Amino acid sequence: MSEAGHKFLAKLGKKRLRPGGKRATDWLIAEGGFSKEKRILEVACNRGTTAIELAQRFGCKITAVDMDAQALEVAEKSAETAGVGHLISFERANAMKLPYEDASFDIVINEAMLTMQADQAKKKCVMEYLRVLKPEGLLLTHDVLLKEAKESVRQELSQAIHVNVGPLTQDGWEQVMIESGYCDVKVLTGEMTLMKLSGMIYDEGWLGTLKICVNACKKENRKQFLTMYKMFDKNKKNLGFIAMASHKSQIVR
Ligand SMILES: C[S@@+](CC[C@H](N)C(=O)[O-])C[C@H]1O[C@@H](n2cnc3c(N)ncnc32)[C@H](O)[C@@H]1O
């Protein structure tokens, strides 16, 4: 049975399920100015890779949410194993209706999820993040970049990963943030490394990559892996990643 691309890659052993991999996440972390005192919300944490790294590096308290109960179970176990279970609270929640009070967090981080939402839903999510951010708060996002607005590329990507995705151009992503009440948007763009061999080695290490490749070669996984691999390879000039650091605007709308 064909499953959503991120679930399929997670099943093969991939830990970073995001277009620009570790490089884009490292940029976001550098922009974030994380410290022990800051309250962090990670939305769409999946198996908790970023939340665990943040807790290990900065000793900060993190609330990490996702809709996928199974992924959250894996995340909780991994955080315990990494010795940071006491710092992270994993909770099942929808990005569009977060169960937190206004102005609760200093930083919201959200990787590879907005791309999965329709255009109006993207705005609904980032406005919900704006609500839970403190007045000086910062939103860190990481998504799929469409180099040119081509509907055919969007359709090919949606078909290959079995999710109806909506990647945007750089202008499109910046517009989502500005129109939703953010300002001073800082941007990093680059190539899509999710399924590139060099990107996998950088993100998952040699052993991790070997494990993914062995699993991808299994009869039951081969067809879906090749379909995704070929689509990303064919569209490597059209697709990339965009990482954005957006500040909560002080202007009341
Ligand atoms: C492509 S994965 C990215 C996971 C992780 N952020 C990473 O970069 O490795 C997208 C994640 O978004 C989650 N998701 C999708 N829609 C969501 C929503 N409305 N609220 C919370 N999580 C959502 C999915 O369950 C999945 O774990």
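Every number for a ligand or one of its atoms is a count from 1 in the order of the listing. Worth knowing before you read on, the calculation uses all heavy atoms, side chains too, and leaves out hydrogens, waters and symmetry mates. Counting from 1, the numbers follow the sequence of the chain as shown. The structure displayed is predicted, hence computed values, not measured ones.
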* Asked: Under 4.0 Å between a Lys/Arg side-chain N and an Asp/Glu carboxylate O for Glu179 and Lys123?
  -> yes
* Charged N to carboxylate O below 4.0 Å: is that the case for Arg39 and Asp106? -> no
* For atom 16 (N) of ligand 1, which candidate among Lys124, His142, Gln117, His6 holds the nearest heavy atom? -> Gln117
* Structure fact -> Min over Pro19, Ala112, Ala44 of heavy-atom distance to atom 10 (C) of ligand 1 lands on Ala112
Tell me, which protein residue and heavy-atom name are nearest [atom], and how many Å apart are they?
atom	value
atom 9 (O) of ligand 1	Leu17 N, 2.9 Å
atom 20 (N) of ligand 1	Ala95 N, 2.9 Å
atom 24 (C) of ligand 1	Asp66 OD1, 3.4 Å
atom 19 (N) of ligand 1	Asn94 OD1, 2.9 Å
atom 8 (O) of ligand 1	Arg18 NE, 2.9 Å
atom 14 (N) of ligand 1	Met113 CG, 3.7 Å

* When the ring planes of Phe8 and Phe225 are compared, do they come out parallel, tilted or perpendicular, using 30° and 60° as the limits? -> tilted
* Would you kindly say whether Thr25 and Arg18 are connected by a side-chain donor-acceptor distance under 3.5 Å? => yes
* Without hydrogens or angle criteria, can the side chains of Arg222 and Asn215 be said to hold a donor-acceptor pair below 3.5 Å? -> no
* Taking both backbone and side-chain atoms of Asn46, is any N or O found less than 3.5 Å from an N or O belonging to ligand 1? -> yes
* Asked: Is there any N or O on Glu111 that sits under 3.5 Å from an N or O of ligand 1?
  -> yes
* Asked: Measuring from the heavy atoms of Met67, does anything fall under 4.0 Å of ligand 1?
  -> yes
* Residue-ligand contact Thr49/ligand 1, heavy atom below 4.0 Å -> no
* First locate atom CG of Asp143, then atom CD of Glu111, and finally report the distance between them rounded to the nearest 0.5 Å. => 9.0 Å
* To do: Report the part of Met116 (side chain from C-beta onward, or backbone N, CA, C, O) that has a heavy atom under 4.0 Å from ligand 1; answer both or neither where that applies.
  => side chain
* **Within reach of ligand 1, part of Ala93 (heavy-atom separation under 4.0 Å)** => backbone
* Is it true that atom CD of Gln70 has more than 12 heavy atoms of other residues, nucleotides or ligands lying nearer than 6.0 Å? -> no
* Does atom OH of Tyr229 have more than 12 heavy-atom neighbours from other groups under 6.0 Å away? -> no
* Leu138, Ile62: one ILVMFWY side-chain cluster at the under-4.5 Å cut-off? -> yes
* Structure fact -> ligand 1 to Asp68, heavy atom cutoff 4.0 Å, flagged ligand atoms 25 (O)
* Starting from the C-alpha separation in whole Å, work towards a yes-or-no answer on side-chain hydrogen bond (donor to acceptor under 3.5 Å, both in side chains) for Asn235 and Glu156. => CA-CA 9 Å; Asn235 287 299; Glu156 280 182 41; 3.1 Å; yes
